[in-house]
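Here is the structure we will look at, set down as structure tokens.
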Amino acid sequence: MQGELIVFSGSSHPALARAIADRLGVPLGESEVLKFSNENLMVRIKDNVRERDVFVVQTSSPPVNDHLVETLIFLDALRYASAARITAVLPYFPYCRSDKKDEPRISIAARLVAELLVAAGADRVLTMDLHSPQIQGFFRIPVDQLLAAPVFMDYFKDVLFREEPKEDFVLVMGDHGAAKQFGYYADELDLPVAIMDKFRPNHSEKPVIRQVIGNVADKACLIIDDEIASGGTLVEAADMLSRSGARRILAAAVHPILSGNALKKLLESPIERFILGNTVPVAEKILGHGDRFVVLDLASLFAEAIRSIHSGSSISALFPPSVRRKA
Ligand code: R5P
């Protein structure tokens, strides 16, 4: 058991940080972030954190680079303020799509972020649905990667499968990577899977989907993906599903970044409902479109994980049973 627990919020997603603190039954720690005219940031920790077990909640939302630098300065301030242990709680991990050197002369920015976090003072990291799980290996400190799946699957069971029989559904994976990453949804829900055969020429926001592998004709198609950025993947997937005879199309994604004109594109698509996580601020973006968007609250998962990290107990109960079995 570490010193007394305290949770701070960076400026990226105060609503989520507040919800996590509420679930933990603690007030948010007090801090302030100042931005000077030369654009330099200063973070001041207003609570005493000496020998305390500190959690800083900061997600990767626009302005992404400002928030990243703020995280580093926050960690540094906590270190200088004598915190006993510092956990960076990063619901959506910064630069998570830059996870490999698959072209000449490019950076692996997610690894660089890992090194920066540790250099700044992080003792642990708590995150959710990494774009690729091997990002954990960029760290030499403990990394807990939560999965949003239990909350999403509860929604599927409690809402979708009451609207029409579960047997009518097929899970559609956005690409081959998603098929590997989210295979446990099919195990847990006992549903068939279809896979989009997708590739992205030159980082284009309009990926090419060559075919859909699996039977989607006359089915209720539920697309599962980790994130929605430009919306290109979903729009192209929905187009392919429509052309392949899908009867209904729904989409679920943990991190709804919704960059650029993603919202407009999604609203024009045949996708009837978007089931989203709240790892990034999304409520204001979708204001007025509540009939097509459902936002699932993931704060309880983070709060439970923080409780377990603080008390030194296992977090395995937070994972779907089939993932737990592999542990
Ligand atoms: C791809 O590898 C991911 O799983 C997502 O499909 C992708 O990041 C979504 O991005 P966008 O919305 O820009 O197509």
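Residue numbers start at 1 and run along the sequence shown. Atoms within each ligand, like the ligands themselves, are counted from 1 in listed order.
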- Is there a donor-acceptor pair under 3.5 Å between the side chain of S98 and the backbone N or O of A109?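 Answer holds: yes.
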
- Query: Got a donor-acceptor contact below 3.5 angstrom from the R248 side chain to the C221 backbone?
  - Reply: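 No; judged by distance alone, with no hydrogens or angles, the pair does not exist.
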
If you measure from [atom] to every heavy atom of [options], which option wins on shortest distance?
{"atom": "atom 2 (O) of ligand 1", "options": "H203, H131, H176", "result": "H131"}
{"atom": "atom 11 (P) of ligand 1", "options": "A237, G260, S230", "result": "S230"}
{"atom": "atom 7 (C) of ligand 1", "options": "E236, M173, R200", "result": "R200"}

Could you check whether [X] pairs with [Y] (Lys NZ or Arg NE/NH1/NH2 to Asp/Glu carboxylate O, under 4.0 Å)?
{"X": "R52", "Y": "D47", "result": "no"}
{"X": "D239", "Y": "R243", "result": "yes"}
{"X": "K219", "Y": "E167", "result": "no"}
{"X": "D66", "Y": "K35", "result": "yes"}

- Message: side chain to side chain contact (heavy atoms under 4.5 Å, CB included) for E227 and R97? Distances and angles first, verdict last.
- Response: CA-CA 10 Å; E227 64 174 61; R97 283 168 74 174; 2.8 Å; yes

So if I count the atoms of ligand 1 from 1 in the order they appear, which ones are less than 4.0 Å from some heavy atom of [X]?
{"X": "D225", "result": "3 (C), 4 (O), 5 (C), 6 (O)"}
{"X": "K198", "result": "1 (C), 6 (O)"}
{"X": "D226", "result": "3 (C), 4 (O), 5 (C)"}
{"X": "D175", "result": "1 (C), 2 (O)"}
{"X": "G231", "result": "11 (P), 12 (O), 13 (O)"}

- Query: Would you say L234 has any N or O atom under 3.5 Å from an N or O of ligand 1, going by distance alone?
  - Reply: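 No, no N or O pair falls under 3.5 Å.
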
- Of the protein's non-hydrogen atoms, which lies at the shortest distance from atom 14 (O) of ligand 1, and what is that distance?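 I find the closest protein heavy atom is T233 OG1, 2.5 Å.
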
- Give the residue, atom name and distance (to 0.1 Å) of the protein heavy atom nearest atom 9 (C) of ligand 1.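 Answer for atom 9 (C) of ligand 1: E227 O, 3.4 Å.
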
- Out of curiosity, is E205 lining ligand 1, as in a heavy atom under 4.0 Å away?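 Distance cut 4.0 Å: E205 fails for ligand 1.
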
- Ring geometry between Y92 and H255 (parallel below 30°, tilted from 30 to 60°, perpendicular above 60°):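 The rings of H255 and Y92 sit tilted, inter-plane angle from 30° to 60°.
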
